[in-house]
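Report on one structure; see the data block that follows.
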Amino acid sequence: MLTVNILIVISLLYVAFLFAIAFFADRGAAKGRVAWVRSPLIYTLSLSVYCTAWTFYGAVGNAARSGLEYLTIYLGPTLVLLSWWWLLRKLVRIGKAERITSIADLISSRYGKSSGLAVIVTLLAVTGTTPYIALQLQSVTLSFAVFAEAGGGITWQADQLNGTALWVAAGLAIFTILFGTRNIDTSERHHGVVMAIAVEAVVKLVALVAVGLFVVWGVSGGPSDTLQMIDASAVSQWNPDKGRWAAMTFVAAAAIICLPRMFQVMVVENDDETHLHVASWAFPLYLMAMSLFVLPIAVVGLELLPAGSNPDLFVLTIPLYMDQEWLAILAFLGGFSSATSMVIVAAIALSTMMSNHIVIPLWMIMRQQGATVSGDVRQAVILSRRFSIIAVLALGYLYFRITGGSAALSAIGLVSFAGVAQVVPALIGVLFWRGGTRRGAIAGLSTGFAVWGFTSFLPAIGLIPMSLLEDGLFGMGVLRPQALMGVSGLDPLAHSVMWSLGLNLLAFITVSLLTFPSPIERLQGASFINIFERSHASQGAKAGTAEAEDLLVMAQRLLGATEAQAVFSEGARQQGKMGALPDPTPEFVNQLERELASTVGAATANAMIGQINGQAAISVQDLLAVADESAQILEYSNQLEAKSDELEKTARKLRDANGALQALSVQKDAFLSQVSHELRTPMTSIRSFSEFLMEDSLKPVDHTRYAGIIHNESIRLTRLLDDLLDLTVLENGQVELNTGPANLVNLLDQAEASSGQSAGNLVVTRTHALEDITITTDRDRLVQVFINLISNAQKYCQADIPSLNISTVRSGGFLDIIFEDNGLGIPPESQSIIFEKFARLSDQAAAGSAGLGLAISREIMGRLGGTLDYVPGKSGAVFRVRMPHNEIQKAAE
Amino acid sequence: MSDEGNTTPNRARTGSLFFESAIYRRNRLIDAARMMPLLAVVLFVFPALLAFDGVTTSSRWIFFFVVWTLLIAATAVLSHAIKRRTIDNPAGTVKRNEAGE
């Protein structure tokens, strides 16, 4: 004997089974083993979430009342699936390229990322869907109640019905939270849930077909008998209300795309666009199979069961009546599956919308600072999703309680469809019409929402008082909810659909034509509508699976070999795969993306990973972000290059300066040692001879001689110090030159006189005529040079009759004064040394000479703008004083 | 459907005015796939609305399901054929034509 308790046990076992399926599918997906979940068969079966308890039970009820009308609910979607090539494929491709997470996201994204539109669509979806959830709760509780009745004759009362509904709602909330919100995957895929839904789809189909087969062959006498029964029954009297037929087909067609749960499974959860090739025929096949036996069951039920039985529940009551308990349990599980799959997916879809477009934006506004840590936001998002799921289910339960499970609830199904169908005009702008604007969409949606609310939603849930129905809004007859503008002959659904969608479309088109879209709207419009030109479908089975090797190659290019390998081996270690490449699990890929982002920027990393993952197209937003990042990186590296160039130059300069300083330091050391040596020699003499002078036993003649030597040495020392000072002043450039005109003849005469020439035995020959030149120079300094050269000749010229010839030559741009003696000349190896400080070639003239003369002369010539050089190649010593010609030119003027 | 039509004349891309025959056939298959919904509307909606007076319910029922089956079969054949021709063609051809389709 079948009791409710056994049924509860069976239900719980079934639920546990679903949990297990969802759990293992999720785990498999997390490990990267997704081949099973990604088959087109699973995708097609997941679309069956369209067939809810309303389809399972309500269709039979509808057939019993209105004959073939129920077919429109299946024919509409079939038409849409047949349009897969130009309609669904475009939708799915846009969804992937723009990473759309819900129908609200789609509309908002197309019209310039408008959060206002997202909120409107979310509210519309929540308003339309929560009564539908109540309907599912009602179906499940009613099916329990049927068993209670059949098993023990117990008629459940309100509190039992409410209690069951509460349990079911709570259980569904737990399932959805567990498998819908464990981690927020940016792709918004829920593999576990999809797998569970697919299994439920099979159960639904098997149950309904089993009952159908039983009815046709078990109760009736086979196909031909059944057909006769159909013709004989009351339903054959039904004639289609043409308006209603068209309206129902239209809203069902709209619903297969616009219902939040349908958008979720069809677009968001879609892995591979090529699944549509299979779904295009396989899903209509499923629908056909689900609808095949509905009419036979209805007709047989009407015939078999006592009058007044609820035709909605024929699927359960016929087997029970025929004592087929196991078939009844199977049918129960089918109905249970239909109801629960709808609620789960709807809850996920609605909570995604509510969370993304209402709760999180509000939370962000209240926080003011924005999310500083990404972990922060993740936690908040997960919490808000869970909160939204609970809110959605609570609302559904509330509706159920308020309407008290009345028959009014079953009318909600079509009303719900008509509500979400208000999105269709805006959707045309999303897919096909560049002229659609945000304000047009807002106008259309608001108008449609309002008219729908007034003409079908509020009447359906009983919130419109009778007076309003009869007399119209504000007492105006033309504003009666079910006869607007006096159009009264129409079926209420057709009436509502006509007015709401008609005004919606009118408002959308008119306002779109009158308003100008913002740049971002136009950008989005172009990228959405031209999606086929911008992208291509990823190829078959490989789509969405990144091979670990591909990732490694790319990572090495961007991070460098060592760092990339480090990341990969760490990933492999975490997965327990030592020494091998890690599996491309979502976790690892996300980790890799983060590593890349720190090098190339977040947008670029995302785009590159997306490319390898077979993502079909990059949205324009992404491209802009990538271009931005690239520009920044380029700028930065240019700056770095410039800086490093500068640093290079500076380093070179520093090196050179260092070298110069070192050379200078060596020079200084040499100079200091030379100076101290030079100073010591005369000082030694002075000391020694002054010691002699201190002795008493000195003869007066020696006394005089020693005093003379001391005197000479001190003079020598003084001269040395004077020369040294002079040289230092010259070298430091601190010398002050008194430039003025002078005649060369006078200068040379002065030099001869000062060098004590007359007292010496040097014969000086000159050519006075050629020396008659006026030059502009520092007289004293130039004379100093001449004196030095003449006295050198006096001191060092080795010849029997030493003579010095001073000649004047003008050549090129220069005036040369050449001092040539008839001595031995200076050997080649010494020719440069003689100009060095303290250089003396022989000891002969050591007394009185410090060896600084030529050094000083050269410095002086340098300061005067000329040169002093030794001219080799002659037999005697030849020194050339050279001065620039310009001086003479000026002087000549 | 002009939005997604292949706007670059074939001549501009390949230098010839006509597609090679494999692509032509594929395009015709795609056209057939595009027509299916129209055919379905014609077959489902019009009889139901216009021509069903006097026909028994069971006949109507049979009519719907037979048409439904035929449409499903036709779609299956078409989508399989399109898919086969898409995979056979190398990526270059796919790009050129996918762009228009």
Side-chain angles (χ1 to χ4, degrees), chain A residues 67-68 71-72 74-75 78-87 89-90 224 226-231 233 235-240 242 245-246 249 253 274 276-285 287-288 291-292 295-296 299 431-434 529-537 539-540, chain B residues 1-8 29-41 43-45 47-50 52-53 55-65 67-69 71-84 86-87 91-92 94-101:
Chain A
L68 287 175
L71 277 182
T72 55
Y74 301 101
L75 293 179
T78 303
L79 288 175
V80 170
L81 265 294
L82 291 182
S83 320
W84 66 286
W85 182 262
W86 51 271
L87 180 60
R89 231 173 33 114
K90 196 165 194 180
S224 51
T226 314
L227 289 173
Q228 281 176 357
M229 203 183 286
I230 289 174
D231 285 330
S233 97
V235 304
S236 67
Q237 308 307 317
W238 168 78
N239 269 319
K242 298 178 177 40
W245 183 277
T249 312
T274 58
L276 281 174
H277 285 264
V278 173
S280 66
W281 56 269
F283 187 60
L285 184 62
L287 290 176
M288 191 178 82
S291 63
L292 188 63
L295 191 57
V299 162
L431 293 173
F432 303 116
W433 190 39
R434 299 270 297 264
I529 290 163
N530 296 334
I531 192 76
F532 282 140
E533 278 93 42
R534 289 205 299 125
S535 66
H536 58 278
Q539 296 296 318
Chain B
M1 267 165 264
S2 58
D3 268 347
E4 38 158 359
N6 200 340
T7 51
T8 322
L29 285 174
I30 289 171
D31 286 343
R34 284 196 178 122
M35 306 286 192
M36 292 302 288
L38 190 60
L39 184 65
V41 165
L43 287 176
F44 279 143
V45 180
L49 297 188
L50 302 176
F52 263 2
D53 307 323
V55 179
T56 61
T57 310
S58 55
S59 311
R60 297 180 206 175
W61 186 87
I62 293 175
F63 169 78
F64 273 114
F65 280 92
V67 166
W68 207 341
T69 311
L71 284 172
I72 288 172
T75 307
V77 166
L78 279 176
S79 68
H80 181 71
I82 293 172
K83 188 173 191 180
R84 198 166 43 83
T86 307
I87 290 172
V94 168
K95 265 206 186 88
R96 234 174 32 217
N97 286 292
E98 285 283 13
E101 323 285 89

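Below, chain A is the first sequence line, B the second, and so on; all start at residue 1.
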### Query
Nearest 0.5 Å, what's the CG-CH2 distance between B:Leu71 and A:Trp281?
14.5 Å
### Task
Hey, can you tell me if A:Trp85 and A:His277 have their rings parallel, tilted or perpendicular (30° and 60° cut-offs)?
perpendicular
### Message
Need one label for A:Leu87: side chain, backbone, both or neither, based on atoms under 4.5 Å from any heavy atom in chain B.
### Response
neither
### Query
How long is the gap from CH2 on A:Trp86 to CZ on A:Phe532, to the nearest 0.5 Å?
11.0 Å
### Message
Run A:Leu81 and B:Thr75 through side-chain contact (heavy atoms from CB on, under 4.5 Å) and show every step you take.
### Response
CA-CA 10 Å; A:Leu81 265 294; B:Thr75 307; over 6 Å; no
### Query
With a 4.5 angstrom heavy-atom cut-off, which part of A:Leu71 approaches chain B: side chain, backbone, both or neither?
side chain
### Query
What heavy-atom pair brings A:Ala253 and A:Val80 nearest, and what distance separates the two atoms?
O-CG2, 3.4 Å
### Task
Answer with side chain, backbone, both or neither: which region of A:Tyr74 has an atom nearer than 4.5 Å to a non-hydrogen atom of chain B?
both
#### Entry: Which atoms of A:Ser280 approach chain B - backbone, side chain, both or neither, heavy atom under 4.5 Å
both
### Query
Is it the side chain or the backbone of B:Leu39 that comes within 4.5 Å of chain A heavy atoms, both, or neither?
neither
### Query
Which bit of A:Leu276 comes within less than 4.5 Å of chain B, counting heavy atoms only: side chain, backbone, both or neither?
neither
### Message
Less than 4.5 Å to any heavy atom of chain B: does that hold for the side chain of A:Ser291, its backbone, both, or neither?
### Response
both
